[in-house]
Amino acid sequence: QVQLVESGGGLVQAGDSLRLSCAASGRISSVAMGWFREAPGKEREFVAAISLVDDSTLYTPSVEGRFTISRDSAKNTQYLQMNNLKPEDKAVYFCAASVPGPQSLGIPTLRVLYRDWGQGTQVTVSS
């Protein structure tokens with residue numbers, strides 16, 4: 001079992017930046033670590049993920065070029081740098097660890113392929 005704790009959310013204005021952190025503890029056997037977000041009245045959606053095999057990354061199109069996912073393996077921590085935030089980025093952001101798997105699994109984007117979740121951190125962007 002992996003424990004994940006997010007931090008770094010807050011209230012910002014449109015155009016501002018925030019950096020989310022996710023500290024992981026426990027034995028990590030995932031193929032990827034990711035970020036999802038859930039806006040009021042909407043389904044939880046994939047935002048970004050990083051492969052623990054080769055550090056490749058994947059983003060949902062709406063954040064491509066604005067968000068950057070990274071990790072510090074020595075600290076067991078992943079980050080989501082969010083620049084040029086928009087009001088539509090407002091959501092609760094969740095850190096997640098994927099299921100284990102072969103390298104051929106690639107970077108999962110489906111929620112069902114992530115089995116460990118943090119408690120979430122609120123990001124609010126005012127216009």
Side-chain angles (χ1 to χ4, degrees):
Q1 182 101 21
V2 176
Q3 291 77 45
L4 303 172
V5 179
E6 304 99 332
S7 61
L11 170 62
V12 297
Q13 293 187 329
D16 285 350
S17 298
L18 275 176
R19 189 176 81 156
L20 305 183
S21 299
C22 173
S25 59
R27 184 175 181 273
I28 300 174
S29 57
S30 306
V31 68
M33 298 288 293
W35 289 94
F36 286 70
R37 64 186 179 187
E38 188 172 321
K42 294 188 176 181
E43 295 284 326
R44 190 173 299 187
E45 65 172 356
F46 172 82
V47 176
I50 184 166
S51 167
L52 300 188
V53 177
D54 61 10
D55 282 337
S56 57
T57 58
L58 188 65
Y59 299 91
T60 193
S62 63
V63 308
E64 186 87 49
R66 299 189 297 122
F67 291 12
T68 302
I69 188 171
S70 62
R71 70 186 186 102
D72 184 332
S73 57
K75 296 181 179 179
N76 270 347
T77 301
Q78 67 159 336
Y79 306 96
L80 186 66
Q81 177 67 42
M82 305 185 294
N83 297 331
N84 190 23
L85 282 160
K86 302 176 180 181
E88 52 264 41
D89 295 318
K90 174 184 176 180
V92 178
Y93 283 71
F94 296 88
C95 171
S98 81
V99 297
Q103 187 171 354
S104 59
L105 180 61
I107 300 177
T109 60
L110 296 177
R111 179 180 174 180
V112 69
L113 292 178
Y114 287 80
R115 67 177 184 182
D116 297 297
W117 295 84
Q119 82 287 353
T121 185
Q122 177 71 50
V123 172
T124 302
V125 185
S126 63
S127 57

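Just so it is clear, the values below take in all heavy atoms, side chains as well, and ignore hydrogens, waters and symmetry mates. These figures come from a predicted structure and were not determined experimentally.
Applying the disulfide bond (SG atoms under 2.5 Å apart) test to residues at least two apart or on different chains, none of the pairs has a partner in residues 97-127. For residues 15-26, the side chain to side chain donor-acceptor pair (under 3.5 Å) pairs, not counting sequence neighbours, are Q3-S25, S17-N83. Pairs engaging residues 23-85 under the disulfide bond (SG atoms under 2.5 Å apart) rule: none recorded [sequence neighbours left out]. Listed by first then second residue, pairs satisfying ring-ring contact (aromatic ring centres under 6.0 Å, His included) with a partner in residues 66-92 number zero, not counting sequence neighbours. Residue pairs meeting the salt bridge (charged side-chain N to carboxylate O under 4.0 Å, His left out) criterion with at least one member in residues 56-69, sequence neighbours excluded, are R66-D89. Applying the side chain to side chain donor-acceptor pair (under 3.5 Å) rule to pairs touching residues 5-14 yields E6-Q119, sequence neighbours excluded.
Of all heavy-atom pairs spanning L4 and A97, the tightest one is CD1-N, 3.7 Å. Scanning all heavy atoms of the two residues, the minimum distance from G8 to L18 falls at O-CD2, 3.6 Å. Here the shortest heavy-atom pairing between A96 and Y114 reads CB-CD2, 3.6 Å.
The side chain to side chain contact (heavy atoms under 4.5 Å, CB included) test applied to S62 returns R37, T60, not counting sequence neighbours. Under the rule for a side chain to side chain contact (heavy atoms under 4.5 Å, CB included), the partners of V99 that lie at least two apart in sequence or sit in another chain are L105, L113, R115. Residues forming a side chain to side chain contact (heavy atoms under 4.5 Å, CB included) with A23 (at least two apart in sequence, or on another chain): T77. Every residue meeting the ring pair (Phe, Tyr, Trp, His ring centres under 6.0 Å) condition with F46, not counting sequence neighbours, appears here in chain and number order: F36. The ring pair (Phe, Tyr, Trp, His ring centres under 6.0 Å) check on Y93 picks up nothing, with sequence neighbours excluded. Remark: E38 pairs with R44, F94 by the side chain to side chain contact (heavy atoms under 4.5 Å, CB included) rule, at least two apart or across chains.
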inquiry  = Using the rule given for side chain to side chain contact (heavy atoms under 4.5 Å, CB included), can you reason through I107 versus I50, listing the C-alpha separation, both sets of side-chain angles and the distance that settles it, and then say yes or no?
reply    = CA-CA 7 Å; I107 300 177; I50 184 166; over 6 Å; no

Verdict with supporting geometry, T109 and L58, side chain to side chain contact (heavy atoms under 4.5 Å, CB included) = CA-CA 9 Å; T109 60; L58 188 65; 3.4 Å; yes

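You'll find the side chain of V53 reaches within 4.5 Å of the side chain of V31, heavy atoms only. The shortest distance between side-chain heavy atoms of L52 and R71 falls below 4.5 Å.
S30 contributes a side-chain N or O that, together with a main-chain N or O of S98, makes up a donor-acceptor pair within less than 3.5 Å. Y59 places a side-chain N or O within 3.5 Å of a backbone atom of I69 that can act as its donor or acceptor partner. Side-chain atoms of S51 come within 3.5 Å of backbone atoms of D54 as a donor-acceptor pair (strictly under, hydrogens ignored).
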